[in-house]
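Presented below is the structure to which this report refers.
Here, residue 1 is the first one in the sequence, and each next residue gets the next number. Because the structure is predicted, anything quoted here is derived from the model rather than measured.
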Amino acid sequence: MTSSDAKQPQSGISPASGKPKMGGGLPIIQYWAEHTLSAEGPKLWQTLTHKSACLSCAWGTGGQKGGFVNEVGEPLQRCAKSVEAISAELQPPVQPHFFDQHSLAELQQLTSLEADRLGRLSFPVILRSGSTHYERISWEEIFAIATPAFRHSPERVASYSSGRSSNEAAYLLQLMMRSLGSNNLADCSDLCHAPSTVGLKAVFGISTSMVSLEGLHQADCVVLVGSNAPANHPRLMNELIKLRDRGGRVIVVNPVREVGLVKFGSPAFPLTSLLQGSDISSLFLQPIPGSDVALFVGIQKSLLERGLVKTDFVEAHAEGWRDAIAQAQTTPWSTLVNTCGLSQEEIEAAATLISQSQRVVFAWAMGVTQQANSVDTIFSIANTALLTGNVGKPGAGLMPIRGHSNVQGFGSMGVTAHLKEEIRQALEKLLGRSLKREPGYDARALIEAADSGQVDTLLCLGGNLYAANPDLTQAKRALGQIDTVIYLSTKPNLGHFHGLGRQNTIIVPVFNRFENPHKTTTESGNNFVRLNDEGKTHLKGADLISEVEFLTDLAHRLHGDTPVDWRRLQDTRYVRQLIAQTIPGYEKIGQIDETEEEFTIAGRIFTQPQFPTPSGKAQMHITPLPTLTLPQPQDFGLAEPVQGLVLALMTGRSYSQHNTVVYKEGDRYRGMPHRHCILMHPQDVAQAGFVEHQRVSVRGDAGQLNQIEIICGEVRPGSALMFYPEANVLMKAHIETRSGTPAYKRVPVLIFSAE
């Protein structure tokens with residue numbers, strides 16, 4: 001059978017039986033009760049109320065206002081994902097003889113969930129070349145290995161990081177690396193929201209959300225693109241419920257009709273929402289994966305044809321608008337409809353809702369950024385916002401929805417392969433010398449360089465570089481070419497068992513955010529900086545180290561007392577003084593220890609249409625429409641021809657998952673009972689001659705998975721969904737060249753019977 005990218009309006013998709021009719025609701029209350037009334041309950045409640053930022057998504061809560069309170073003082077702002085994350089951190093320790101008793105071969109059989117359930121890392125271990133087991137190692141030997149490893153040529157030294165850590169650790173990491181002469185500061189954001197950074201910077205001169213939480217409270221319409229917020233950012237659902245309650249609209253754009261984006265029951269509103277659920281989407285559009293540019297150009301075209309474009313606004317506050325308007329005017333409706341798979345009526349309905357709104361926020365997540373044309377999509381969203389005058393005023397603007405809790409903070413601190421000029425100049429003044437100008441390795445460039453034998457040493461500050469990458473076979477091989485790999489982690493993950501260095505792999509156990517012996521800060525996805533109090537670990541007798549202490553100790557051994565006093569930087573108050581001097585917009589962090597005043601970063605929230613571009617105007621861009629085709633079954637390199645169906649596969653996280661960490665096996669929202677499922681539309685299942693729950697093989701351009709169970713669901717015909725990171729083995733890294741981000745959300749796969 002041939003490939004399918006068939007057009008299907010939302011009205012033709014019927015609910016799958018056995019799945020919940022709404023997201024949230026009583027199951028959340030049940031989950032809270034099971035955990036907070038259990039034996040771990042007292043410690044869990046203590047941590048939930050601790051004055052530190054939530055460990056989960058970048059939507060954020062906590063800090064000095066209290067663990068349940070957001071930046072505007074609203075209470076009851078914890079979600080189930082925060083409980084999952086904290087519960088995982090409160091696990092008992094990995095036992096002292098565990099690694100003696102379990103070989104590497106055994107550990108490599110573990111799933112992500114099983115690796116996480118091993119418990120908290122409480123002592124440092126090393127896997128030496130030729131060894132079959134991790135073994136305990138002293139701190140002195142760790143530094144004896146690490147110090148010469150980082151004295152290699154700067155071009156052959158690299159780091160990778162995640163948003164789990166603090167601003168202070170992030171700042172120290174980049175300061176140490178740049179002092180070595182290396183710009184190889186790869187980060188997890190390279191694999192997710194780098195297109196947001198690139199796209200927003202090119203249009204508006206900034207690279208983060210232009211909307212604060214206060215601003216979102218003033219919006220009367222949200223356009224939510226490529227986001228599964230009920231599972232990944234549940235706190236955002238409260239804001240969408242409040243928007244609908246005040247008469248606003250929510251336009252959802254997602255090839256998967258996620259139940260929680262249709263209706264959601266929030267415990268924050270027990271009388272009005274919890275039991276019956278709140279309507280979320282006013283209009284739900286299911287385009288072909290990767291086709292969002294065509295949808296937004298179509299919205300622009302509809303507005304132009306009806307005289308609804310704010311021409312005076314773009315003339316005054318944008319450049320390049322004539323070309324953008326000409327593209328929308330001259331692109332035929334037939335081209336737009338055929339590209340995105342939505343009818344002209346559906347596109348015009350979206351344009352009507354936007355035009356009838358006074359303050360529109362355009363928000364997106366990885367359904368946009370992990371596409372081969374992601375930067376163009378962000379340009380098209382920005383063009384739509386500008387043409388409707390929904391930028392540079394309260395309650396309107398562009399809002400990327402970041403994933404990890406402090407991933408944006410890492411970028412602000414300069415953890416990037418492409419350092420901003422103003423930060424570089426400030427760091428040069430601090431260090432008293434010039435810094436290397438050439439960009440370093442981003443996450444994908446790091447894997448390619450390692451695979452070519454060009455990296456000797458890698459320090460991973462959190463994260464799971466192995467599992468987060470496409471083509472897990474390549475990722476494992478590439479990391480195996482690096483002599484020394486050092487992981488700073490709180491719990492075991494798949495990278496510790498598959499992402500192994502050629503000579504030494506060291507796992508350094510560190511305190512988590514609410515255990516740190518010093519105050520730290522984090523930054524939310526809406527540019528709000530929180531101050532985290534000190535804490536204590538529940539791990540009795542554990543041999544842990546803080547990330548700040550490890551980095552400053554290593555930097556002192558590498559650099560001595562110059563050009564800064566590295567040992568003094570173990571005092572995070574001093575780190576914050578340096579941040580205030582060198583990071584634009586962070587000046588207030590210099591007084592935060594005395595004032596305890598958390599703040600919104602200066603220069604990022606725009607209530608006037610004046611932008612930090614050379615001209616002060618937004619720069620609009622032409623947005624080419626993608627050509628979306630799928631290969632034929634014979635193109636997948638099988639030795640024998642098979643009868644099968646080619647679909648556009650999207651990878652995604654399950655309901656109980658945070659990045660690569662899995663907390664529960666299945667996904668109750670989508671009716672997927674385990675990790676080895678593929679979500680398909682019933683029409684595609686029937687076309688291929690399959691039946692629901694049949695086990696099939698799924699083949700991509702990098703690998704194949706067998707015994708995958710078919711689950712019928714409300715995914716757009718011609719597309720399918722599987723869970724990340726397991727499905728990453730299927731795909732090679734097809735990169736959006738301007739951002740370096742792989743296209744995980746449109747992966748051609750062949751589904752066929754293994755019998």
Under the criterion side-chain hydrogen bond (donor to acceptor under 3.5 Å, both in side chains), I'd like the reasoning laid out for Asp376 against Thr623: C-alpha separation, chi angles, the key distance, then a yes or no. CA-CA 5 Å; Asp376 286 332; Thr623 54; over 6 Å; no

Evaluate side-chain hydrogen bond (donor to acceptor under 3.5 Å, both in side chains) for Glu736 paired with Ser739, printing each intermediate quantity in order. CA-CA 6 Å; Glu736 201 290 327; Ser739 64; 3.0 Å; yes

Evaluate the side-chain contact (heavy atoms from CB on, under 4.5 Å) criterion for residues Leu285 and Leu283: first the C-alpha distance (whole Å), next the side-chain angles of each, then the deciding distance (0.1 Å), finally the verdict. CA-CA 6 Å; Leu285 302 175; Leu283 177 66; 3.9 Å; yes

Between Glu258 and Arg670, does the salt bridge (charged side-chain N to carboxylate O under 4.0 Å, His left out) criterion hold? Intermediate values first, please. CA-CA 8 Å; Glu258 305 286 8; Arg670 298 174 178 134; 2.8 Å; yes

Working note: Lys242 + Asp245, criterion salt bridge (charged side-chain N to carboxylate O under 4.0 Å, His left out); need CA distance, chi angles, decisive distance, verdict. CA-CA 5 Å; Lys242 289 187 290 187; Asp245 286 347; over 6 Å; no

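Within a 6.0 Å sphere centred on NZ of Lys393, heavy atoms belonging to other residues, nucleotides or ligands number more than 12. Residue-environment remark: NZ (Lys310) stays at or below the threshold of 12 foreign heavy atoms within 6.0 Å.
Taking the six-membered ring for Trp and thresholds of 30 and 60 degrees, His404 and His658 have ring planes more than 60 degrees apart, a perpendicular arrangement. Between Phe379 and His621, the ring-plane angle classifies as parallel under the 30° and 60° cut-offs.
Checking each of Val747, Asp471, Val749 against Met731 for a side chain to side chain contact (heavy atoms under 4.5 Å, CB included) leaves exactly one that passes, namely Val747. Of the candidates Ile241, Asp279, Val259, Ile241 is the only one forming a side chain to side chain contact (heavy atoms under 4.5 Å, CB included) with Phe264. The side chain to side chain contact (heavy atoms under 4.5 Å, CB included) test with Ile325 singles out one residue from Leu303, Leu304, Thr311, Asn383, and that residue is Leu304. Applying the side chain to side chain contact (heavy atoms under 4.5 Å, CB included) test between Pro400 and each of Ser196, Pro195, Cys192 identifies Ser196 as the sole match.
Residues that satisfy the salt bridge (Lys or Arg N to Asp or Glu O under 4.0 Å) test with Glu315, not counting sequence neighbours, are absent from this structure. Every residue was checked against the salt bridge (Lys or Arg N to Asp or Glu O under 4.0 Å) condition with Arg246, not counting sequence neighbours, and none meets it.
For the ring-ring contact (aromatic ring centres under 6.0 Å, His included) condition, the pairs that include at least one residue of residues 291-335, sequence neighbours left out, are Phe313-His317.
Under the 3.5 Å distance criterion, with hydrogens and angles disregarded, a donor-acceptor pair is assigned to the side chains of Gln356 and Arg249. For the residue pair Arg653/Asn659, the side-chain donor-acceptor check at 3.5 Å is satisfied. Counting only N and O atoms by type, the side chains of Arg604 and Thr600 include no donor and acceptor under 3.5 Å apart. In summary, the side chains of Asn390 and Thr388 do present a donor paired with an acceptor at a separation below 3.5 Å, with no hydrogens or angles considered.
By the 4.5 Å heavy-atom criterion applied to side chains, Trp59 and Asn70 are not counted as neighbours. At least one side-chain heavy atom of Leu647 sits under 4.5 Å from a side-chain heavy atom of Asp684. In this structure, Ile280 and Val262 have side chains that are not in contact, with every pair of non-hydrogen atoms separated by 4.5 Å or more.
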